[in-house]
Amino acid sequence: MADSFRDAVVGLLAEHTNVSRSEISAKIEVPSDDLLGDYAFPCFFLAKELKKSPVAIATETASRVNDALASAKEGIIERAHAAGPYINFFVNKAGLAATVLAAVEKEKGGYGGSKNGKIIMVEYFHANTHKAVHIGHVRNICLGESLCRILEFSGNKIVRVNYQGDIGPHVAKCIWGIQNLNLGAPPAINRLRWLGNVYVQANTAVEGNEKLEADVKQLLLRIYAGDKELNQLWKETRQWCLEEFDEMYKDFGVKHDEFYFESEVEFEARKISQQLLKEGIAQESDGAIIMDLKPYKLGVFILLTRDGTALYSSKDIALARKKMSKYSLDRSIHVVGREQELHFKQLFKTLSLMGEKERQFAEKSHHLIYGLVMLPTGKMSSRAGSVVFYDDLRSGLIELATEEVKKRHADWEEKKVADAAKKIAFAALKFGMINRDNDRELVFDWEQAVKLEGETGPYLQYAYARICSVFRKYGKVLPGKIKYSGMTTSAAEVNVIKFVKIFPDIVAVAAEQLKPALLSRYLLDLAQSFNNFYNDCQILGAEPDVRDARLLLCAAVKQVLENGLRLLAIDVLDEM
RNA sequence: GGACCUGUAGCUCAGUUCGGACAGAGCGGCAGCCUUCUACUCAAACCAGAAGCCAGCUGAAGGUCGUGGGUUCAAAUCCCAUCAGGUCCGCCA
């Protein structure tokens with residue numbers, strides 16, 4: 001967003017120093033403390049050239065700037081002040097308020113957006129069928145969806161893709177378990193969880209038993225070969241899973257544009273692998289087809305097993321081809337955990353060795369890494385039974401939120417309580433998943449997840465609800481003309497205005513760096529500064545001019561919270 | 001053995017990409033703001049005591065930025081070494 005205040009500071013400095021505008025612009029910063037000023041210009045780098053101490057340079061330049069400001073008529077910059085080696089600039093606060101609040105009022109739901117015009121594919125969620133969904137998938141879907149929304153808000157066209165492992169050894173094991181373990185009939189609901197359990201049981205039964213392992217392998221080959229009975233069972237159980245995934249998408253506000261399945265690229269994957277072997281790009285090793293990437297320090301990438309079945313690797317190559325032929329993408333982002341980092345490096349390298357088209361596609365591809373979700377006791381392990389399943393998580397959080405809502409609103413009817421509780425529970429969950437640097441592991445802790453105070457999603461919802469309550473009490477429409485001069489006396493107010501002002505910048509950086517956490521952190525800061533203001537300043541009880549200006553500020557904060565939370569796929573509430 | 005990530009307050013984490021003004025939040029604990037009660041008073045406020053509420057606020061407390069070197073006017077940030085934890089490294093995804 002254009003920043004006329006910053007530009008004015010750059011202009012002043014360009015006029016009173018020998019430094020170019022572009023260099024000044026690069027050096028200008030925002031002081032750590034508001035009391036110091038609104039913009040700052042460090043003078044260290046001028047010291048050598050001018051052979052003076054940075055302190056002297058700052059003092060002299062500041063006084064020249066102030067002389068110029070004094071002779072000029074009312075400008076948006078009020079004064080400069082030398083503080084050690086820094087020149088600090090103070091802007092006209094009423095002007096700042098007017099500019100920022102008018103921008104929000106004008107752009108409303110679009111405030112903070114931009115127009116980048118790229119076509120970006122984002123692949124996320126990709127849970128496997130026949131395995132239970134757990135907390136790790138939740139981090140993926142929260143991160144993926146908010147990333148999509150941020151990129152979309154930044155004016156890009158997003159293709160949301162889900163690539164699902166619906167075939168492979170894990171499915172074979174599950175089906176083997178259904179046929180060979182006496183686990184009773186599948187339930188009418190929560191069948192995904194039941195299948196996941198069958199898979200775990202089968203895994204335990206088969207592991208270490210060579211004969212059974214061979215049986216499962218044969219079973220997989222028969223599925224690939226199109227065995228009628230097995231395919232029917234596979235398709236039926238697969239469908240159960242997909243239906244439950246659909247429910248989950250609703251919880252997280254996700255609508256994929258494209259679903260790819262491993263089963264639909266398996267044939268192509270085998271074909272491509274054979275072709276690569278024929279072209280001498282891939283090689284044979286121990287009966288398997290591999291890419292030898294040791295020259296690139298990427299080890300060995302196995303495409304086809306000794307049995308001739310395609311692995312994740314070659315299926316991903318086939319998938320890339322499929323995407324390339326359908327879409328003309330500027331970028332392709334894979335939201336996948338850290339444990340697959342090597343896989344993606346190998347995949348991109350292999351693509352780039354395949355041909356010019358593939359090489360270009362590999363350059364546009366990006367693996368967005370995030371850390372594992374751990375438990376306080378360590379890594380999740382289905383064998384040790386230490387897995388937090390999504391269905392348990394969901395019901396547990398909703399139950400807790402329901403209690404809290406009831407405690408506060410004994411008079412609310414059942415439906416209203418349920419609605420609020422669900423929104424609050426998911427706000428807590430989603431925010432907790434997003435508000436963490438991608439690189440870091442996330443330790444999931446029920447106590448933390450359930451928290452509604454402090455740095456949480458509900459804290460943001462609460463700030464929003466407070467503003468709604470102010471407007472309910474006010475009960476009128478804001479007048480069109482508002483005087484800003486009376487409102488900017490409090491530091492708390494100015495602080496809020498500054499946060500509102502930088503929202504578009506935050507969205508832009510979050511989009512560029514693919515880090516929704518930057519946005520979630522910002523929203524916390526905004527809400528905190530608003531709560532400070534709310535405590536410090538009377539709103540409805542103030543003089544009419546001041547009251548109206550403050551109401552407009554509230555409206556702006558409400559709008560930014562709404563826009564920001566929408567980008568995190570978190571719902572807002574008018575009352576909570 | 002190799003590759004990547006992490007190490008900052010009692011706990012959970014920002015800040016490191018691009019070196020600059022005193023290293024920031026949240027949680028927990030402490031002291032308050034708010035409500036009620038008690039005592040006092042003609043009455044109210046202040047003050048004192050007790051209980052409670054609080055998706056909110058304030059204040060104070062809490063730090064060898066893993067360790068050791070180096071570069072620099074300036075290092076949590078850059079470079080080197082080292083320790084600790086995590087993930088991955090040929091037929092899972």
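In what follows, every chain begins at residue 1, and chains take the letters A, B, ... in the order their sequences are listed.
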**Report entry** Separation of B:C13 C1' from A:F444 CZ (nearest whole Å)
**Finding:** 17 Å
Query raised in the report: Could A:R338 and A:E341 be called an ion pair, given the rule that one side-chain N must be under 4.0 Å from one carboxylate O?
Result: yes
Report summary line: To the nearest angstrom, the NE2-C1' distance between A:H126 and B:C92 comes to 16 Å
Query raised in the report: With a 4.0 Å cut-off on heavy atoms, is A:P42 in touch with a base, just the backbone sugar-phosphate, or nothing at all?
Result: nothing
Report summary line: Regarding the side chain of A:K345, the nearest nucleotide among B:C4, B:C57, B:A93 is B:C4
Query raised in the report: Which sits closer to the 5' end of RNA chain B, A:L342 or A:V405, going by the nucleotide each is nearest to?
Result: A:V405
Requested in this report: Answer yes or no for A:R238 and A:F261: cation-pi contact, defined as NZ/CZ to six-membered ring centre under 6.0 Å and angle to ring axis within 45°.
Outcome: yes
Requested in this report: Looking at every strand, decide which applies to A:L303 at a 4.0 Å heavy-atom threshold: base, sugar-phosphate, or nothing.
Outcome: nothing
Query raised in the report: If we ignore angles and hydrogens, is there a donor and acceptor under 3.5 Å between the side chains of A:Y260 and A:E123?
Result: no
Query raised in the report: Within 45° of the six-membered ring axis of A:F45 and under 6.0 Å from that ring's centre, is NZ or CZ of A:K27 located there?
Result: yes
Requested in this report: May I ask you to verify if any side-chain N or O of A:Q528 is less than 4.0 angstrom from the OP1 or OP2 atom of B:G26?
Outcome: yes
Query raised in the report: Heavy atoms under 4.0 Å, any strand shown: does A:D286 hit a base, just sugar-phosphate, or nothing?
Result: base
Requested in this report: Look at A:K315 and B:A93 and indicate whether a side-chain polar atom (N or O) is within less than 4.0 Å of OP1 or OP2.
Outcome: yes
Report task. Test for a donor-acceptor pair under 3.5 Å between the base of B:A25 and the side chain of A:N435, counting only N and O atoms. Result -> no
Report task. Considering only atom P, compute the distance from B:G68 to B:U8 and round it to an integer number of Å. Result -> 15 Å
Query raised in the report: When you compare B:C46 with B:U58, how far apart are their P atoms, in angstrom units rounded to a whole number?
Result: 22 Å
Requested in this report: Confirm from the modelled atom types if A:R408 and B:A55 form a donor-acceptor pair under 3.5 Å, side chain to base only.
Outcome: yes
Query raised in the report: Is any side-chain N of the basic residue among A:D419 and A:K423 closer than 4.0 Å to the acidic one's carboxylate O?
Result: yes
Query raised in the report: Using atom P of each nucleotide, how far apart are B:U6 and B:A21 to the nearest Å?
Result: 23 Å
Query raised in the report: How about A:Y534 and A:V470: do any of their side-chain heavy atoms sit closer than 4.5 Å?
Result: yes
Report task. Sticking with atom C1', work out how far B:G32 lies from B:G86, rounded to a whole angstrom. Result -> 43 Å
Query - Distance between P atoms of B:C37 and B:C27 (Å, rounded) - result: 30 Å
Query raised in the report: Within the pair A:Y459 and B:C57, is there a side-chain N or O less than 4.0 Å away from OP1 or OP2?
Result: yes
Query - Value in whole Å for how far the P atom of B:C13 lies from CG of A:D445 - result: 10 Å
Query raised in the report: Taking the same atom, C1', in B:U77 and in B:G70, what whole-Å distance lies between them?
Result: 15 Å
Query raised in the report: Between A:A401 and A:M374, which has a closest nucleotide on RNA chain B that is more 5'?
Result: A:A401
Query - Touch class at under 4.0 angstrom, heavy-atom based, for A:R521 against every strand present - result: sugar-phosphate
Report task. Measure the distance from CG on A:L518 to P on B:A14 and round it to the nearest whole Å. Result -> 11 Å
Query raised in the report: Rounded to whole angstroms, how far apart are CE on A:M433 and P on B:U12?
Result: 16 Å
Query raised in the report: Between B:U87, B:A93, B:C5, which nucleotide gets closest to the side-chain atoms of A:L311?
Result: B:A93
Query raised in the report: When we call it a touch if two heavy atoms are under 4.0 Å apart, what does A:K451 touch: a base, just sugar-phosphate, or nothing?
Result: sugar-phosphate
Report task. Fill in the dot-bracket string of RNA chain B, one character per base: . for unpaired, | for a pair to another strand, ( ) or [ ] for pairs within the strand, taking Watson-Crick or G-U pairs under 3.5 Å. Result -> (((((((..((((......[...))))..(((((((((.........)))))...))))......(((((..]....))))))))))))....
Query raised in the report: Of the nucleotides B:G90, B:A93, B:U17, which has the atom closest to the A:K294 side chain?
Result: B:G90
Query raised in the report: Base, sugar-phosphate alone, or nothing: which one does A:P85 contact when heavy atoms must sit under 4.0 Å apart?
Result: nothing
**Report entry** Options B:G90, B:C91, B:G15, nucleotide nearest the side-chain atoms of A:I290
**Finding:** B:G90
**Report entry** Sugar-phosphate, base or nothing in reach of A:A463, heavy atoms under 4.0 Å
**Finding:** nothing
Report task. Between B:G86, B:G90, B:A14, spot the one nearest the side chain of A:R338, thanks. Result -> B:G86
Report task. Indicate, with a heavy-atom threshold strictly under 4.0 Å, whether A:N438 touches base, sugar-phosphate, or nothing. Result -> nothing
Query - Sugar-phosphate only, base, or nothing, as touched by A:Q340 at under 4.0 Å among non-hydrogen atoms - result: base
Query raised in the report: What's the closest nucleotide to the A:Y312 side chain, out of B:A55, B:A93, B:G86?
Result: B:A93
**Report entry** Value in whole Å for how far the C1' atom of B:C92 lies from CD1 of A:I167
**Finding:** 14 Å
Report task. Ignoring backbone atoms, test whether A:R440 places a side-chain nitrogen or oxygen under 4.0 Å from the OP1 or OP2 oxygen of B:G7. Result -> yes
Report summary line: Closest to the side chain of A:E455, out of B:C91, B:A93, B:G26, is B:G26
Query raised in the report: Expressed in angstrom and rounded to an integer, what is the separation of A:L375 atom CG from B:U87 atom P?
Result: 13 Å
**Report entry** Distance in angstrom units between A:H367 NE2 and B:A93 C1', rounded
**Finding:** 12 Å
Query raised in the report: For atom P, what is the distance between B:G7 and B:C13, given to the nearest Å?
Result: 10 Å
**Report entry** Qualifying residue, where the test is side chain to side chain donor-acceptor pair (under 3.5 Å) with A:R270 and the options are A:E266, A:Q274, A:E268
**Finding:** A:E266
Query raised in the report: Between A:K407 and A:E403, does at least one N-O distance fall below 4.0 Å, as a salt bridge requires?
Result: no
Query raised in the report: Can you list the steps and then say if A:Y199 with A:N128 is a side chain to side chain donor-acceptor pair (under 3.5 Å)?
Result: CA-CA 12 Å; A:Y199 164 73; A:N128 288 339; over 6 Å; no
Query - Side chain A:D166, main chain A:S263, donor-acceptor under 3.5 Å - result: yes
Query raised in the report: Base, sugar-phosphate, or nothing for A:I302, non-hydrogen atoms under 4.0 angstrom?
Result: base
**Report entry** Nearest-Å distance once atom C1' is located in both B:A51 and B:A55
**Finding:** 23 Å
Query raised in the report: Does the side chain of A:K379 get closer than 4.0 angstrom to OP1 or OP2 of B:C88 through an N or O atom?
Result: yes
Requested in this report: With ring-ring contact (aromatic ring centres under 6.0 Å, His included) as the test, would you mind laying out the steps for A:H343 and A:F301 before giving the verdict?
Outcome: CA-CA 8 Å; A:H343 166 80; A:F301 198 40; 5.6 Å; yes
Requested in this report: Verify the contact: side-chain N or O of A:R436 to OP1 or OP2 of B:C13, cut-off strictly under 4.0 Å; return yes or no.
Outcome: yes
